[in-house]
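First the structure, in the form of structure tokens, and then the observations on it.
Chain naming here is simple, since letters A, B, ... match the order of the sequence lines and numbering starts at 1 in each. Keep in mind the model is a prediction, meaning the values are calculated, not measured. FYI, side chains are in, hydrogens and waters are out, and symmetry mates aren't considered; it's all heavy atoms of this structure.
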Amino acid sequence: MNDSNFREKVEAIVAQIPQSRVMTYGDIAAVAGYAYAARAVGGIAHFGDPNLPWQRVVNRFGGLASGYPGGKRGHQEVLELEGFEVKDFKVVNFAEKRWLPDFL
DNA sequence: CGAGTGACCGCAA
DNA sequence: ATTGCGGCCACTC
């Protein structure tokens, strides 16, 4: 079950993120078991399953990601389609839209 | 097997 | 206030 399947854990969490909700890399890493593995989450995001809603994953400032397909530009577009309000490459009311997994 | 990279985070000057 | 540096983890070449 949880033999350092950091990758599966992160993918599972991201896949469970509800719509209109966002999570930070640090939070996901912490929930996965490694509070300082935010970078690893980013790496998984790039080489992980592209079907997962990585668009709901943002950095600690609620800002957009750097390497998202299409750049911040594309990320912002998708976020707005998800129902988010993006302002200056940052999610508005990000603190209120922040979400934590149930199984935690 | 070893080294480098990265969609990050936190602190210091 | 802004800029720069180091450090943690996993993945790829």
### Task
Classify the nucleic acid contact of A/A37 as base, sugar-phosphate or nothing, counting any heavy atom under 4.0 Å across all strands shown.
sugar-phosphate
### Task
To the nearest Å, give me how far apart CD1 (A/I17) and C1' (B/dA7) are.
13 Å
### Message
Once you measure the plane-to-plane angle for A/H75 and A/Y68, does it fall in the parallel (<30°), tilted (30-60°) or perpendicular (>60°) bin?
### Response
parallel
### Query
Which listed nucleotide (C/dC9, C/dT12, B/dC9) is nearest to the side chain of A/A38?
B/dC9
### Task
Could you check how far NZ of A/K90 sits from P of B/dA7, rounded to whole Å?
19 Å
### Query
Between A/S66 and B/dC8, does any side-chain N or O lie under 4.0 Å from OP1 or OP2?
yes
### Query
Which nucleotide in the list C/dA10, B/dA7, B/dG6 gets nearest to the side chain of A/Y34?
C/dA10
### Message
Check A/R60 with A/D27, please: is the shortest side-chain N to carboxylate O separation under 4.0 Å?
### Response
no
### Task
Check the distance between B/dG10's P and A/Y25's OH and give it to me in whole angstrom.
15 Å
### Message
Measuring to OP1 and OP2 of B/dG10, would you say a side-chain N or O of A/R60 lies under 4.0 angstrom away?
### Response
yes
### Whole-Å distance separating the CD1 atom of A/I28 from the P atom of C/dC9
18 Å
### Summary
Closest to the 5' end of DNA chain B, once A/V58 and A/V41 are matched to their nearest nucleotides, is A/V41
### Query
Over how many whole Å does the gap from A/R7 atom CZ to C/dA10 atom P extend?
13 Å
### Task
When you get a sec, tell me which of B/dA7, C/dA10, C/dT12 is the closest nucleotide to the side chain of A/F6?
C/dA10
### Task
Examine distances only and state if a side-chain atom of A/N59 and a backbone atom of A/G62 form a donor-acceptor pair shorter than 3.5 Å.
yes
### Message
Of the listed nucleotides (B/dA7, C/dA10, C/dC8), which one gets closest to any side-chain atom of A/R39?
### Response
C/dC8
### Query
Base, sugar-phosphate alone, or nothing: which one does A/Y68 contact when heavy atoms must sit under 4.0 Å apart?
base
### Nearest atoms (heavy-atom pairs only) where A/F6 meets A/A40
CE2-CB, 3.8 Å
### Query
Between A/D88 and A/K90, is there a donor-acceptor pair closer than 3.5 Å when you use the side chain of the first and the backbone of the second?
no
### Query
Where the side chain of A/Y36 is defined as all heavy atoms beyond and including C-beta, which of C/dC8, B/dC8, C/dC11 is the nearest nucleotide?
C/dC8
### Task
Rounded to the nearest angstrom, tell me the gap between atom NE2 in A/H46 and atom C1' in C/dC13.
13 Å
### Summary
From CD1 of A/I44 across to P of B/dG6 the rounded distance in Å is 16 Å
### Summary
Separation of B/dA7 atom P from A/F61 atom CZ, nearest Å, is 17 Å
